[in-house]
Chemist: 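Dropping the structure in here first, questions after.
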Amino acid sequence: MEKFKRYLIFLVGLFISSLGVSLVTKANLGTSPISSIPYVLSLNFSLSNFTIIFSLFLIALQLLILRKDFKLEHLLQIPISILFGYFIDWTMLLLSFVHPDSYLFKVIALLIGCIILGFGVYCEVLADVAMLPGESFVRAVVQTCEREFGSTKIAFDVTMTVMAALLSFVFAKELNGVREGTIIAALLVGFIARLFGRWFYFVPALLFPETDASLSTTDNI
């Protein structure tokens, strides 16, 4: 029963994350940090599946980091990434009425999107099952190096943003796909996820009384 609840919470978190990504996209102030590298590469090369390739790369890095702790269920990240893509398509349709024209409304849409995305990431960590490759990579680092999830997530997103910007300059000699919205999302999403973890510290014990709350991964968000 607990496993069912965890996967249900994860699916809800996945959908919420897709809603946040779609709203960030609608703000039109730059792509999200995790999408920045595949997006920049897709602008400069004819290959169209950089997102899948990048996801597989992150899974391979997890294998190197976790080694014997890498489990077969980590491979669920592949179909989860595909499902996440469908969720983004659906939420883009749900938000088809959102067209922020002024810069102010674009910033507001971006900030709301970051809050929604941060809550989705919090739900993924709360569920403590399979995750998207980006978040799962962060969790692997957290488990291995005993770091906080929120601060590690911020460092990861900032790194992705900087690398995407460098790749853009290398291949296109100009900055494409990375804007102020990408930087803001990189700095905010992990921080927001950590805030939700602190505000709702009591939730793991309520949802999963079968498990000692002190073992919950949300303690380190």
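If you're wondering where the values come from, they're calculated on a predicted model, not measured in any experiment. Atom set for the values below is all heavy atoms of this structure, side chains included, hydrogens, waters and symmetry mates excluded.
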Chemist: Determine whether a donor-acceptor pair (N or O, by modelled atom type, separation under 3.5 Å) exists between the side chain of Ser36 and the backbone of Ala164.
Modeler: no

Chemist: Does either side chain, that of Ser55 or that of Gln77, offer a donor lying less than 3.5 Å from an acceptor on the other one?
Modeler: no

Chemist: Fit a plane to each ring of Phe200 and Phe196, take the angle between them on a 0 to 90° scale, and name the class: parallel (under 30°), tilted (30 to 60°) or perpendicular (over 60°).
Modeler: parallel

Chemist: State the CD1-CD distance between Ile65 and Gln143, to the nearest 0.5 angstrom.
Modeler: 10.5 Å

Chemist: Rounded to the nearest 0.5 Å, what's the gap from CG on Leu11 to CG on Leu83? Could you check?
Modeler: 7.0 Å

Chemist: Looking only at heavy atoms, which two atoms of Ala109 and Leu23 are closest? And how far apart?
Modeler: O-CG, 3.4 Å

Chemist: Once rounded to the nearest 0.5 Å, what's the spacing between atom CG of Asp157 and atom OG1 of Thr152?
Modeler: 11.0 Å

Chemist: Where do Met131 and Val125 land on the side chain to side chain contact (heavy atoms under 4.5 Å, CB included) test, with the steps shown first?
Modeler: CA-CA 8 Å; Met131 306 176 81; Val125 179; 3.7 Å; yes

Chemist: Flag yes if more than 12 heavy atoms outside Tyr39 fall under 6.0 Å of its OH atom; otherwise flag no.
Modeler: no

Chemist: Go through it in stages, so that I can follow the logic: the residues are Thr31 and Thr25, the test is side chain to side chain contact (heavy atoms under 4.5 Å, CB included), and I'd like the CA-CA distance, side-chain angles, deciding distance and then a yes or no.
Modeler: CA-CA 6 Å; Thr31 186; Thr25 303; 5.7 Å; no

Chemist: Under a single-linkage definition using a 4.5 Å side-chain heavy-atom cutoff for Ile, Leu, Val, Met, Phe, Trp and Tyr, are Leu43 and Ile34 assigned to the same hydrophobic cluster?
Modeler: no

Chemist: For Thr91, run the side-chain hydrogen bond (donor to acceptor under 3.5 Å, both in side chains) check against Ser22, Ser17, Ser96 and tell me which one passes.
Modeler: Ser22

Chemist: Quiz question: by atom type and distance under 3.5 Å, do the side chains of Ser136 and Gln62 form a donor-acceptor pair?
Modeler: yes

Chemist: Verify the neighbour count for atom OH of Tyr86: are there more than 12 heavy atoms of other residues, nucleotides or ligands below 6.0 Å?
Modeler: no

Chemist: For the hydrophobic clusters of this structure (ILVMFWY residues joined by side-chain heavy atoms under 4.5 Å, transitively), does one cluster hold both Val21 and Leu93?
Modeler: no

Chemist: Under the salt bridge (charged side-chain N to carboxylate O under 4.0 Å, His left out) rule, collect the residues that match up with Glu135, sequence neighbours excluded.
Modeler: Lys153

Chemist: A side-chain contact here means heavy atoms from C-beta on lying under 4.5 Å apart; do Trp90 and Leu95 qualify?
Modeler: no

Chemist: Once you measure the plane-to-plane angle for Tyr122 and Phe119, does it fall in the parallel (<30°), tilted (30-60°) or perpendicular (>60°) bin?
Modeler: tilted

Chemist: How long is the span from the CG atom in Leu94 to the CG atom in Asp89, to the nearest 0.5 Å?
Modeler: 11.0 Å

Chemist: Between Ile16 and Leu8, is there shared hydrophobic-cluster membership here, with clusters defined by ILVMFWY side-chain heavy atoms closer than 4.5 Å?
Modeler: no

Chemist: Within the structure provided, determine whether Ile80 and Phe10 are in side-chain contact (heavy-atom separation under 4.5 Å).
Modeler: yes

Chemist: Are Phe4 and Leu206 grouped together when hydrophobic residues (ILVMFWY) are joined by side-chain heavy atoms under 4.5 angstrom apart?
Modeler: no

Chemist: Return the orientation label for the Phe137 and Phe156 ring planes: parallel under 30°, perpendicular over 60°, tilted otherwise.
Modeler: tilted

Chemist: Could you walk me through whether Phe70 and Ile59 satisfy the side chain to side chain contact (heavy atoms under 4.5 Å, CB included) test, starting with their C-alpha distance in whole Å, then the side-chain angles of each, then the deciding distance to 0.1 Å, before giving a yes or no?
Modeler: CA-CA 10 Å; Phe70 187 89; Ile59 294 172; 4.0 Å; yes

Chemist: With Leu187 as reference, evaluate Ile183, Ile184, Val189 under the side chain to side chain contact (heavy atoms under 4.5 Å, CB included) test and give the passing residue.
Modeler: Ile183

Chemist: Within the 4.5 Å heavy-atom criterion, are Phe87 and Leu19 side-chain neighbours or not?
Modeler: no

Chemist: Can you tell me how far CG of Leu29 sits from CG of Leu110, rounded to the nearest 0.5 angstrom?
Modeler: 5.5 Å

Chemist: Just verifying a value: how many Å separate Leu117 CG and Ile112 CD1, rounded to the nearest 0.5 Å?
Modeler: 13.5 Å

Chemist: Hey, are Arg139 and Asp128 close enough for a salt bridge, meaning a charged N less than 4.0 Å from a carboxylate O?
Modeler: yes

Chemist: Hey, are Ser35 and Ser32 close enough side-chain-wise for a donor-acceptor pair under 3.5 Å?
Modeler: yes

Chemist: Report, as yes or no, whether the 6.0 Å neighbourhood of atom CZ on Phe57 holds more than 12 heavy atoms from other residues, nucleotides or ligands.
Modeler: no

Chemist: What do you reckon, are the aromatic ring centroids of Phe15 and Phe84 less than 6.0 Å apart?
Modeler: no

Chemist: For Phe105, I'd like to know if atom CZ has over 12 heavy atoms of other residues, nucleotides or ligands within 6.0 Å.
Modeler: no

Chemist: Using only atom types and a distance under 3.5 Å, with no angle test, would you say the side chain of Arg6 pairs donor to acceptor with the backbone of Ala127?
Modeler: yes

Chemist: Please test Met160 against Phe54 for side chain to side chain contact (heavy atoms under 4.5 Å, CB included), starting from the C-alpha separation and ending with a verdict.
Modeler: CA-CA 11 Å; Met160 294 299 99; Phe54 189 62; 3.5 Å; yes

Chemist: Is it the case that more than 12 heavy atoms not belonging to Met92 sit under 6.0 Å from its CE atom?
Modeler: yes

Chemist: So, for Lys26 and Val98, which heavy atoms are closest and what is the spacing to 0.1 Å?
Modeler: CD-O, 3.4 Å

Chemist: Does any non-hydrogen side-chain atom of Asn44 lie less than 4.5 Å from one of Val170?
Modeler: no

Chemist: For a 4.5 angstrom cut-off between non-hydrogen side-chain atoms, does Pro100 reach Asn28?
Modeler: no

